Structures are given as C-alpha cells and as structure tokens.
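Report on the following structure.
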Amino acid sequence: MPLDRIPKGKVIACDTETTGVYPWTGARPFYFSFCNPEGETGRFRWKVDPFTRKPIPIEADIRQMKDFFEDERITKVFHVSKFDIRMLQFTGIEVRGRVEDTYFAAHTLRTNEMTHALKPLAKKYVGFSDADEKTLDKEVSRLRRKAKAKGWNIGQKGRDGKNPIKTDMWLASDEFLDPYGCGDVERTILLWKVFEDALNNDPACRKFYERELRLQKVTMEMEARGVRVKHEIIVKEIKNQNAEIERCKKILQKEIGQDFNSNSPLQVSAYIYKTLGMPVRHWTDSGQPSVDAKALQEIDHPTVKVLRQHNSAEKAISNFFQKYLDTAVLDEEGCWILHPDFNQVGPATGRYSCRNPNLQNAANALSTRSDIPIQARTPFCPRPGYVWLSADYSGEEIWIFADGSNGDAMLRALYDGRDLHSDAARFIWGDEQVDREKREGRKTSRAKAKMFFFGILYGMQEKSMAAFLDCPRSEARATLRRYYTLYPNVETFMDFIQETVRRQGFIQTAWGRKIFVDPDFAYKATNYYVQGTGADVIKDAMIRVNAWFKKEKLDAHIVMTIHDELVVEIRKDLLTRAVAEKIRALMEDHGGNLKIKKLPVELALVTKRWDQKEEHLDTSKLG
DNA sequence: CAACTCTGCGCC
DNA sequence: AAAGGGCGCAGAGTTG
C-alpha cells in the first residue's frame, strides 16, 4: 500500500494522473505519486467532481507538495516531465531544482527504440510487467458505461484523438488506480537507475541529454505562448470548403452513384479501374491498385478531376481547419490561440515533431506541388501589436551535405551563391532545354534536378529513379553517373555513410550525436546524417535565441519551430535591424561543429497573415 | 466499443 | 531481395 505522503530521498520519481491531456481547456491532475530508490511509494489522491470533471484540491497536500517540489536539493525524476511539470504549474506548484527525464534518457541513449513509452521500456529494461494497465483499462471501461448512464461528464474522444479511457481514471477506486499510479513511479525510478548509469558511462551521450533538458524550457515557453489564429477566418474557410464539397458531391453522385464515398480508396479504385476501365499504373505498398494523387493526375477525365477537388476540400477541413477550430482556446485579450504539443525527441533523427495541432505541416499554397492547393495558413497571424520574424536556413540540407562530405565542387558553388539544382539541370539535360524552359516561364528541369538530389539523399534506387525520370533504367543509371561526375562527393559520402552503418550500426551527426540505423536499411543513413545534423543546428539555435531574448528582456518569443525555420513573435516596435541581424547571427553560428563558416539564414516578415509572408526581408529597411 | 492496419497527403 | 527519409492527421475497414 502506498503511503499518504512523499517518501524520503534525494532522488524521487514523480508522476501525475489527470482528467485529460490538454490543460489549456481545463484538464488537471487529481493523483500524484512518488517513489524513492528504495521502492517506497506514496501518493495523494483528490476527488473529482463527476459533473465538472474538476479535481477538488486538498490544501494540506498542496503545501506538502510545494515543500517537496520547490526543494532544490531533491532531484525529481519523471517520464515525459514536460507534461507533469505543466500540470503541476496549472495546480499552482512550481518544480524547482534538478529534473531528470527517463523519456529523454531513453531517446538519447537509443534513438532506434521501437517505442519510448514508459511501460514497454520498463518491461524491456527492468522486467516490470505491464499487466496493471490492462486491468485498469478494463475497469475504467466498465465504469465509463455506468457513469454515462448517470449523466456524468466523462471524457470524450477528440482533441488528442486518444483513448478517452486514459482521461477517466478518476472513476476507478484506489484498489485499481494505486497499482497503476504507483506502478508508473516504480518503473520510472527503476529505469532511471539503469539510464543514469548508462549516461554516466557515456559523457558524449549525456551532453545531448543535458541539451534536451535545457531545450525543454524553451519548448514549454513556446507552447505556453502559443500561436494566434483568427476564428472568423477558420469559420469562413470551413464554409467555403463545405460549399465546394457540396458542389462536387452532387456531380459525383450523379456520375458515379448515390452512395459513392470518395473517401474510400476501395470505392474509388473500383470506379477508376473497373467502371472506367483505366489501366493500373500505380500500386500501393501492399500491392493494391493505387488511387493516390499521382495516379489520379494521369487520368484525364472530368469526373476524376471533380473527385480530386472534392478530396482536397475534405482534407482542408478535416486535417487543418476543423483541427484548428477544435484546439484553439480564447485568451484574456480575446485572441484565439493554438497551444501545440511539440515533441523534442519524437523522430528517430532528433528532430522536433508537433501535434494537436501539427503546425509543421500547415498547407502552404505557395510551396505546394499539388495542382489543387490547400491554403491552411490563412488563419495564422501575429498577436495585436506584434509581428513575426520568420528565419529559415536556406538550402540547409545541401549545405550540411556539402559540409559533411567535403564536397569541393558543391561548396564552391554554394559559396559563389550559385543555384546548385539549376547547375545540375544544365549539366544533366543541357543548356538548350533549360534555357527553353526559362523562356517559357517553366522550371521543370530545375525542379527535377532538385527532386533528384533529394531522391538520392533519401536513398532512392535505380528502379524508382527511372520511374521518376520517365526513362529506361539504363538511362537513369547514366544520369546518376553524370550527376556523380558533377558532384563526386555525393557518391563517396553515400558509400561512406552506408559502410559506416554496416560496420557499427550507427552514424554520428556533425555534432557527434549517435543515431542508430538498422544495417538492413543502411540506405536511410545519409538522410539521417543530414536530418539529424539539421536537428542539432536548430536545437542549439533555439537555446541561444531564447537565452538572448531573456538576457535582453526582449518582448520576443519563439512560437514555432519547423525543422529549418524559427518563427519569432516580437513586439512591432522592437524589431530593429540590430535585433533581426542578431537573431540571424545567433542562428547562423554553429559553434564550430561544421567546417563551413556558417549556415546562411534568410529572414522574412509576417505582419498580417502567415500566408502573406514578405520573403527576403531587407533588414536595412528596419529601424 | 476500442484498437489496429491501410491508404492517402500536408509539411520539411 | 527490396527499399525515397522524417513526421501527424483523418477516414475506411477490420478485429476482438
């Protein structure tokens, strides 16, 4: 049985159970558990009002927890500390002193772990059974049905898309909840013992673990600040897209059938390949005839065009605008704000990922390759009195590639400010073709050369390359050879990286951070190097930029991080030339981890709406 | 009903 | 032998 207090110790694992995952709309903790290295557990449990879902705090517990969490001498260990620290903040409890995080540790030590969730990790590394979760899940499912009948306010699906069972643990009795709640802190402390040793034995690894801990403060500020969206624009966009859906639906029902569902790949496939009798040219991974955009684009048929317009409109609503509407919250100033959930160590490469909503994939009609573009950035805008400075590393991948591979020709071209993809297009397909396209206002060859580079980087094989270039394999091979002649480092670097993976099972970014790669998938490793190094670049930059804002007490805030881009919200009158250039310089400085002098950063300005970004900001025009 | 896979698609 | 990398999201369809 857990104690009704916090066990003694210098290092304590902590966890909270909550009424939801989204504190911005009222989710709060109602269960707080603790475990010391000796395995003694303790917990506080508060009642939850079944109609408001609000936990009823006990003042004495809060006082005890404040004494504990504010005590700088005690190390607190969490699994995904960001979540618990924020939940505690919303309860009026500040977490001070050293924080350790088994989630960060797991990811830093083994980037290729199947999952970094607490229960599977504990099962794998310390043999801790995960049976308690299933037992509790079953009980909560049962109680949810009873609660529903009583008219209680039980968790709805939505917002996070997660199982609402996880948000209704407050329904369970101690008998069911304690083994689970205290199980998690027991797992955490056991895992920490293992991971702490591992980190101590690997100082290089610890360096990156420490960086994640420092970066988390930046992440939490970024999320708390959030991103403003205009509610009325979202509503208007949904209305417009709905009208488009209705228009398309009428045509599709008339042409194909009353109950035709264009969201069903199965039904679309039947229509395209059976009813219309089109030849199958594209296949899905599992060998089914594909009806993706690429396949449909090749079919010149009026109804198919309507089908694609319909799907685009549906996606605009479901994937973007509806999600924004569902997750936006009203702040004190009357602005609608999105508070996304950034994951610092989601991707295996060390990049950030983002969800609820994902701000890293907001459709941008200006840069999309689709011929039916979605414009999802229209509702995004700076807060009143602020502007956005959008700073992105221009051509980051190719700079990192050239740097890592010591590509003389590539570096020379980059330093000369040449357009590498244009050069490559000329080299591969000839001046005549490129010049002709230029006169006709097209950039087909250049775009193809760019895709060619990324294809190589992503490990594209000859077969796909031939399909991409629409030529026989022999010709694709010849084209690749010519590309290698222009940039010899591409071939040697790819070979070197893949050989490294086969030999040692991991690669190292320019920062020296290890990324583990399955030797059977060595072709992925070159991209891992570039993507992973890019992650190192922006993570260091975020820490520097944020620290400088703090030091200068500047009313400026990072609001988004999009792989090679930072969006900074800054009070309008503070965005001077000096400030803009300082941000640029802080980002361009790679701390000597690259051989090149700097990674060039381009600045852009957003004053009204994200989709009306003014590119190539000339900072000399600022005050 | 919840959890899973498959398909497709937006971004870098 | 075969493979274009990394994500999050939603809907359809299946499974238990």
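In what follows, chains are A, B, ... by sequence order, proteins preceding strands, each numbered from 1. This structure is a prediction, so every number in the text was calculated from the model and none was measured.
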Output yes when a side-chain donor or acceptor of A:Arg584 lies under 3.5 Å from a complementary backbone atom of A:Val601, and no otherwise.
yes
Is the backbone N or O of A:Tyr22 less than 3.5 Å from a side-chain atom of A:His339, with the two atoms forming a donor-acceptor pair by type?
no
Which whole-number value in Å describes the distance from [X] [atom1] to [N] [atom2]?
{"X": "A:His107", "N": "C:dG6", "atom1": "NE2", "atom2": "P", "result": "12 Å"}
{"X": "A:Glu397", "N": "C:dG4", "atom1": "CD", "atom2": "P", "result": "19 Å"}
{"X": "A:His282", "N": "C:dG4", "atom1": "NE2", "atom2": "P", "result": "14 Å"}
{"X": "A:Trp283", "N": "C:dG4", "atom1": "CH2", "atom2": "P", "result": "17 Å"}
{"X": "A:Phe260", "N": "C:dA12", "atom1": "CZ", "atom2": "C1'", "result": "13 Å"}

Check every strand shown and say whether A:Asn343 touches a base, only sugar-phosphate, or nothing at a heavy-atom separation below 4.0 Å.
nothing
Identify whether a stacking contact exists between A:Tyr458 and C:dG5, where the ring centres must be under 5.5 Å apart and the planes under 30° apart.
yes
Distance check: side-chain N/O of [X] vs OP1/OP2 of [N], anything under 4.0 Å?
{"X": "A:Lys524", "N": "C:dA3", "answer": "no"}
{"X": "A:Thr349", "N": "C:dG6", "answer": "no"}
{"X": "A:Ser290", "N": "B:dG8", "answer": "yes"}
{"X": "A:Asn319", "N": "B:dC11", "answer": "no"}

Assert: residue with more 5' nearest nucleotide on DNA chain C, out of A:Tyr528 and A:Gln461, is A:Gln461
CD of A:Glu139 to CE of A:Met169, rounded to nearest 0.5 Å, is 12.5 Å
Determine whether the aromatic ring centres of residues A:Phe493 and A:Tyr529 are separated by less than 6.0 angstrom.
yes
